[in-house]
Asker: 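One structure is given below, represented as structure tokens, and several questions about it will come after.
Nothing fancy with the numbering, it's 1 onward along the sequence.
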Amino acid sequence: RAVPFDPATSGRRFVIGAPDGVVASVLSPLMARVGADAPNVGIGLIHLMPSGRSAAADQAWEESLRKLEKREIDIGLLPVRTAPPRFSTRRLYDEDFVVAMRKGHPFARAPSEGRFCSARHLLVSLSGEPYGFIDESLAKRGLERRVVLTVPTFMLALAHLAESDLIATLPRRLVERHAGAFGLTFVELPFKRKPDPIRAIATSARCAQPSGA
């Protein structure tokens with residue numbers, strides 16, 4: 001018979017799945033809170049990214065939701081606007097995107113939609129496919145950009161931007177937290193885009209009665 005979860009005494013290990021851009025933005029405050037309220041709890045992190053092109057943005061995270069259902073991860077931190085009712089969710093914060101580049105990059109002095117499209121871009125893509133939500137937004141206006149490099153993680157993107165003339169569209173919180181360490185600067189996107197809600201997602205059964213407590 002399961003007993004109520006008590007963070008102060010539990011020695012359970014939780015596996016959290018999220019894009020590394022989200023993890024890099026929230027890990028320090030998360031671990032500080034865990035250390036204070038649940039000192040014996042362990043945390044494991046798994047890098048999740050959307051799967052391929054999808055007509056609806058939330059559908060790109062279906063594989064991640066399946067990992068939750070199969071108990072491969074305990075909690076997902078995902079940029080989804082809605083989740084199926086079989087999951088329990090909590091909205092953590094809203095994330096928007098900025099254009100990041102090395103300090104002194106000419107794009108930062110005169111950003112525009114035209115110069116954005118003509119620039120050489122880096123894209124974070126786990127599959128290596130050079131197409132993302134920015135390309136979808138541009139295509140709706142009959143525009144396109146040139147992606148010359150894809151990398152599988154956001155932190156690798158920050159490191160390469162510091163040593164190249166590429167630009168990349170990255171989460172604002174990630175860039176604000178790490179720009180100084182990598183010698184980067186950033187500007188606003190040259191077009192409007194609705195922010196993404198970052199949600200903590202778990203199976204309802206797991207939230208109500210955590211296993212292994």
Side-chain angles (χ1 to χ4, degrees), residues 7 10 12-52 57-58 60-83 87-100 122-129 132-134 149-162 168-184 186 193 195-203 206-207 210 212:
S10 176
R12 183 180 170 186
R13 182 174 183 270
F14 290 88
V15 178
I16 298 174
D20 77 301
V22 173
V23 170
S25 299
V26 305
L27 184 58
S28 292
L30 170 65
M31 293 308 297
R33 183 67 180 270
V34 169
D37 296 346
N40 298 315
V41 163
I43 300 294
L45 300 174
I46 292 179
H47 178 47
L48 300 179
M49 288 291 285
S51 52
D58 286 358
W61 297 98
E62 286 183 351
E63 180 58 33
S64 298
L65 297 180
R66 282 194 286 270
K67 289 181 182 295
L68 282 166
E69 290 185 309
K70 292 188 291 186
R71 305 299 175 93
E72 294 178 10
I73 58 177
D74 296 297
I75 301 169
L77 307 181
L78 303 175
V80 297
R81 302 195 183 279
T82 60
F87 294 100
S88 293
T89 68
R90 175 175 294 182
R91 190 174 187 144
L92 300 179
Y93 61 92
D94 288 344
E95 182 68 276
D96 60 351
F97 282 71
V98 296
V99 185
L122 179 154
L123 172 66
V124 179
S125 169
L126 190 60
S127 68
E129 184 179 23
F133 68 84
I134 290 296
L149 175 66
T150 67
V151 297
T153 68
F154 287 94
M155 295 304 290
L156 183 55
L158 295 178
H160 187 73
L161 288 178
T169 304
L170 301 175
R172 180 186 297 275
R173 286 193 179 211
L174 172 74
V175 176
E176 288 180 342
R177 181 175 288 272
H178 297 286
F182 286 94
L184 303 179
F186 65 93
R193 182 180 181 274
D196 296 305
I198 306 299
R199 300 183 187 275
I201 305 174
T203 59
R206 185 174 289 269
C207 288

Asker: Within the supplied structure, the quantity of interest is the number of heavy atoms (other residues, nucleotides, ligands) at a distance under 6.0 Å from R193 CZ; does it exceed 12?
Answerer: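 Count over threshold, so yes.
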
Asker: Scan V23, L30, I73, I46 and name whichever one has a side-chain contact (heavy atoms from CB on, under 4.5 Å) with I16.
Answerer: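 Exactly one candidate clears the test, L30.
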
Asker: Tell me if a side-chain donor or acceptor on E95 pairs with a main-chain N or O of R173 at a distance below 3.5 Å.
Answerer: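 Between the backbone of R173 and the side chain of E95 there is a qualifying donor-acceptor contact (under 3.5 Å).
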
Asker: Tell me the closest heavy-atom pair linking A162 and F182, and the distance in Å.
Answerer: CB-O, 3.1 Å

Asker: Just by modelled atom types, is the F154 backbone N or O under 3.5 Å from a matching donor or acceptor in the D20 side chain?
Answerer: yes

Asker: Looking at every non-hydrogen atom in both residues, tell me the closest pair between P7 and P39 and how far apart they are.
Answerer: O-CD, 4.2 Å

Asker: Taking all atoms of both residues into account, what is the closest heavy-atom pair of M49 and P152, and its distance?
Answerer: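 Looking at all heavy atoms of both residues, the closest pair is CG-O, 4.4 Å.
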
Asker: Decide side-chain contact (heavy atoms from CB on, under 4.5 Å) for L161 and L170; before the verdict, give the C-alpha distance in whole Å, the side-chain angles of both, and the deciding distance to 0.1 Å.
Answerer: CA-CA 11 Å; L161 288 178; L170 301 175; 3.9 Å; yes

Asker: Mind running side-chain contact (heavy atoms from CB on, under 4.5 Å) on V41 and I43 for me, showing each step along the way?
Answerer: CA-CA 7 Å; V41 163; I43 300 294; 4.2 Å; yes

Asker: Report, as yes or no, whether the 6.0 Å neighbourhood of atom CZ on R90 holds more than 12 heavy atoms from other residues, nucleotides or ligands.
Answerer: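 Open.
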
Asker: Out of curiosity, L174 CG to L158 CG, how far, rounded to the nearest 0.5 Å?
Answerer: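 That separation rounds to 5.0 Å.
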
Asker: On a heavy-atom basis, which atom in L123 and which in G132 lie closest, and how many Å separate them?
Answerer: CD2-N, 4.1 Å

Asker: What do the steps show when you test L27 against L45 for side-chain contact (heavy atoms from CB on, under 4.5 Å), and what is the final call?
Answerer: CA-CA 10 Å; L27 184 58; L45 300 174; 3.9 Å; yes

Asker: In Å and rounded to the nearest 0.5 Å, what is the OG1 to CZ distance from T82 to R199?
Answerer: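 Output value for this atom pair is 7.5 Å.
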
Asker: When you check the gap from the basic side-chain N to the acidic O, do R66 and E63 get nearer than 4.0 Å?
Answerer: yes

Asker: Kindly indicate whether the side chain of S25, heavy atoms from C-beta on, has any atom under 4.5 Å from the side chain of Y93.
Answerer: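 S25 vs Y93: side chains touch.
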
Asker: Identify the residue among D196, T89, I201 that makes a side-chain contact (heavy atoms from CB on, under 4.5 Å) with L78.
Answerer: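 In the set D196, T89, I201, the residue that makes a side-chain contact (heavy atoms from CB on, under 4.5 Å) with L78 is I201.
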
Asker: Start with the C-alpha distance between T203 and F87, add both sets of side-chain angles, then the distance that settles side-chain contact (heavy atoms from CB on, under 4.5 Å), and finish with yes or no.
Answerer: CA-CA 5 Å; T203 59; F87 294 100; 4.1 Å; yes

Asker: Okay, side chain of H160, backbone of V151: is any donor-acceptor separation there less than 3.5 Å?
Answerer: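 The answer is no, because no donor-acceptor pair under 3.5 Å joins these two groups.
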
Asker: Between A24 and H178, which heavy-atom pair has the shortest distance, and what is it?
Answerer: O-NE2, 3.2 Å

